[in-house]
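Computed over heavy atoms, backbone and side chain alike; hydrogens, waters and symmetry mates excluded. Computed from a predicted structure; not experimentally measured.
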Amino acid sequence: MNVYKAITDTVTPALRFVVSSIYKLKGGELYPGDTVFVEGKMINYLHPSSDIRVSITNSSGYIKAIDKEIDIEPLAMLDTSDIKTIRVVLSHSIPFDVKIDVLLDFQGNKYSDFHFVSFYANPSLVTLEENNIKHSVTSSGSVGYIYTGNTFNGYGFSYKNQKLLASGTLVLANSSQQMIINRDLNNNYVTNSTPSLTIEGNQLIVTSDYTGRYDASIDFNFTVHQKASVWRGDSSFVLYEYDIINSSMAKVENLNVGLFVDWDIDNPFSDIASVDTSLDYCVVSSVDRDKPYAGIKLISTDDINHFLIERDDDSDTNIIVRDGISDSEIFYCMTHSKTKPYVSNYIGTDMFQVINVSNKTLEINDTIHFAAVFFATNKQEHIVPIIKRATKLYETQYELRNRLISNKSKIGISIFPNPTNGNSLNLVVETQQAGIYTVSIKDLEGRISQKELYEILPGGKTLTLKGIYQPGYYLVTIQSETICETIGFLKE
């Protein structure tokens, strides 16, 4: 609102559209192609208005207005209109996690003004809400939330309607300078597709695919296949599984893989954190024992580092995080442990948890797999039964999955020439499993330049991939119902 105009102009009104709801008829998140209903009322803050029309303009370039104009009935000072509805259709080509700005232009009876109505669309997350847990699963490397500008979208990790998680992210790093992470505005992950929700019996599964890249480097890039599961009838945990594939152009040495989590159980000045190194879990709680317990159980055969740090000076490591924790400090925590055998307690002003589950050297196309259980409960004595139950479910499913894979022929892929300076290349596929395969080519921003279906017979096939014009680093993924492999190439 123009404050000077509002004070000095003694004859004009001052209209604003106050939004009461933004929705689509079927409910749920707003995705490309949806018709969005924006409902609200006009309020006149100054002098009486009459003969005012409002034009709806496509300000962001991602919408088409169905209602291009609406009439506003005469309004006295501080009067409110009837409910007005603005309908817009979202473009099919909008990016992920985009802010939509709808421009409202007020004209009539010597009055002219405008303002914006904004909302977010095409989120890279799906929210699971079963029993006592409400949790948003993203496709951007973060846990619980997506960060759009200065806005957090998502429900984090909640237990009985109490939010317990401030932020979280998957971390891939081989030094304090070379880290792939998603924290606030620092995001090195690219969403490849919207998370997909499927239901198998009493299990709800959200699968996500995204790419991790460090700046423009072609030698530190990864494809991440993420799976998050909850079980109906079990109100205590979410099981995460990660398959992290080296899609770089070179071997990656000393890759550290882990999680960074900032828990806020209650008043941040009264958080307590504990680690049980025998069962490899951390739990954060409050000095107020009526508050929930929440934490992470790591399922891995590798050595695991747990590091707990409070928002205060850490005399052991000279880490000072009163105003937050830096990426270099997170890397230090990943490569060190700060725990004692069995259970150790730290009371602090805020509690960060950093876990390193693996330090590996990965050849091109090698995969690291690990799983993590995010759990919550009201009673401390329930923690161990919860993590044992979650571990059993994971081990049973993983054993079945491995048995299924071992009974099917695997697939081998290679590319030549690589690097290439032409507009086409050859993808050599070696497999004994006949079927229809989807082959897609994406750049490091996640943009698809080619996607085709191919029938492949036992023995394999050489596919010619064309239409590669722009220089850069690309990822080729070949996928069937049971197989998914990715390989990178450089277009010079």
Side-chain angles (χ1 to χ4, degrees), residues 125-138 142-145 154-170 195 197-208 226-243 258-266 271 273-286 291-300 304 306 343 351 353 355 357 369-401:
L125 61 78
V126 167
T127 298
L128 294 169
E129 188 173 5
E130 286 297 320
N131 304 309
N132 293 325
I133 287 181
K134 189 172 186 178
H135 174 59
S136 295
V137 182
T138 79
S142 56
V143 178
Y145 303 97
Y155 291 93
F157 184 83
S158 301
Y159 181 72
K160 294 185 177 180
N161 297 319
Q162 181 175 341
K163 287 190 176 181
L164 308 176
L165 182 69
S167 65
T169 178
L170 175 68
L197 172 64
T198 58
I199 301 175
E200 298 179 3
N202 67 337
Q203 183 181 5
L204 282 71
I205 304 167
V206 178
T207 53
S208 309
Q226 174 188 289
K227 176 181 174 183
S229 301
V230 296
W231 281 261
R232 286 173 172 161
D234 196 319
S235 59
S236 305
F237 62 86
V238 179
L239 172 63
Y240 268 84
E241 298 175 63
Y242 295 93
D243 286 310
L259 294 168
F260 166 78
V261 178
D262 180 5
W263 293 104
D264 280 342
I265 301 301
D266 186 26
D271 282 349
S274 306
V275 170
D276 187 322
T277 55
S278 64
L279 293 176
D280 284 327
Y281 75 86
C282 169
V283 61
V284 181
S285 58
S286 170
K291 302 300 179 182
Y293 297 79
I296 300 175
K297 155 68 178 171
L298 270 298
I299 303 175
S300 175
I304 297 173
H306 291 275
V343 176
M351 201 59 61
Q353 179 184 6
I355 311 166
V357 299
H369 175 90
F370 81 95
V373 177
F374 287 71
F375 63 86
T377 180
N378 275 335
K379 295 185 178 181
Q380 186 174 12
E381 58 267 27
H382 290 171
I383 294 173
V384 172
I386 288 171
I387 64 176
K388 287 185 175 180
R389 191 165 65 249
T391 302
K392 182 64 175 179
L393 282 168
Y394 166 77
E395 290 175 345
T396 301
Q397 293 216 353
Y398 198 61
E399 179 184 354
L400 291 174
R401 191 175 73 173

How would you list, by chain and number, every residue that makes a side chain to side chain contact (heavy atoms under 4.5 Å, CB included) with Tyr155, sequence neighbours excluded?
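Checked Tyr155 against side chain to side chain contact (heavy atoms under 4.5 Å, CB included); matches are Thr127, Lys134, Ser136.
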Checking [X] side chain against [Y] main chain: does a donor-acceptor pair fall under 3.5 Å?
{"X": "Glu130", "Y": "Gln203", "answer": "no"}
{"X": "Thr169", "Y": "Phe260", "answer": "no"}
{"X": "Tyr394", "Y": "Glu241", "answer": "no"}

Applying side-chain hydrogen bond (donor to acceptor under 3.5 Å, both in side chains), can you list everything that pairs with [X], at least two apart in sequence or on another chain?
{"X": "Ser167", "answer": "none"}
{"X": "Tyr240", "answer": "His135"}
{"X": "Arg232", "answer": "none"}

Pair Tyr242, Leu259 - check side chain to side chain contact (heavy atoms under 4.5 Å, CB included), show working.
CA-CA 11 Å; Tyr242 295 93; Leu259 294 168; 3.9 Å; yes
In Å, rounded to the nearest 0.5 Å, how long is the span from [atom1] of [X] to [atom2] of [Y]?
{"X": "Tyr145", "Y": "Leu165", "atom1": "OH", "atom2": "CG", "value": "5.5 Å"}
{"X": "Leu239", "Y": "Ile299", "atom1": "CG", "atom2": "CD1", "value": "5.5 Å"}
{"X": "Asn132", "Y": "Ser158", "atom1": "CG", "atom2": "OG", "value": "11.5 Å"}
{"X": "Lys297", "Y": "Lys388", "atom1": "NZ", "atom2": "NZ", "value": "10.0 Å"}
{"X": "Phe237", "Y": "Ser229", "atom1": "CZ", "atom2": "OG", "value": "9.0 Å"}

Checking Tyr159 now: which residues fulfil ring pair (Phe, Tyr, Trp, His ring centres under 6.0 Å) with it, not counting sequence neighbours?
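Ring pair (Phe, Tyr, Trp, His ring centres under 6.0 Å) check on Tyr159 returns nothing, list empty.
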Full working for side chain to side chain contact (heavy atoms under 4.5 Å, CB included) between Gln226 and Thr207
CA-CA 6 Å; Gln226 174 188 289; Thr207 53; over 6 Å; no
Going through the distances and angles, do Leu128 and Val137 end up as a side chain to side chain contact (heavy atoms under 4.5 Å, CB included)?
CA-CA 7 Å; Leu128 294 169; Val137 182; 3.9 Å; yes
Identify the two heavy atoms, one from Val238 and one from Ala228, that lie closest to each other, and give their separation to 0.1 Å.
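What the structure gives for the nearest pair is CG1-CB, 4.3 Å.
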Shortest non-hydrogen separation from Gly154 to Leu125 and the atoms involved:
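Between these two residues, the closest heavy atoms are CA-CD2, 4.0 Å.
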Which is it for Trp263 and Leu164 under the side chain to side chain contact (heavy atoms under 4.5 Å, CB included) test, yes or no, and what are the steps along the way?
CA-CA 6 Å; Trp263 293 104; Leu164 308 176; 4.3 Å; yes
Heavy atoms of other groups near Lys163 NZ, more than 12 under 6.0 Å
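Counting neighbours around NZ of Lys163, more than 12 heavy atoms of other residues, nucleotides or ligands fall under 6.0 Å, so yes.
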Just distance, no hydrogens or angles: give the donor-acceptor pairs under 3.5 Å from side chains in residues 374-387, sequence neighbours left out.
residue, atom, partner, partner atom, Å
Thr377, OG1, Lys379, N, 3.3

Please tell me if the side chains of Cys282 and Ile296 come closer than 4.5 Å, counting only heavy atoms from C-beta onward.
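A side-chain contact under 4.5 Å is absent here.
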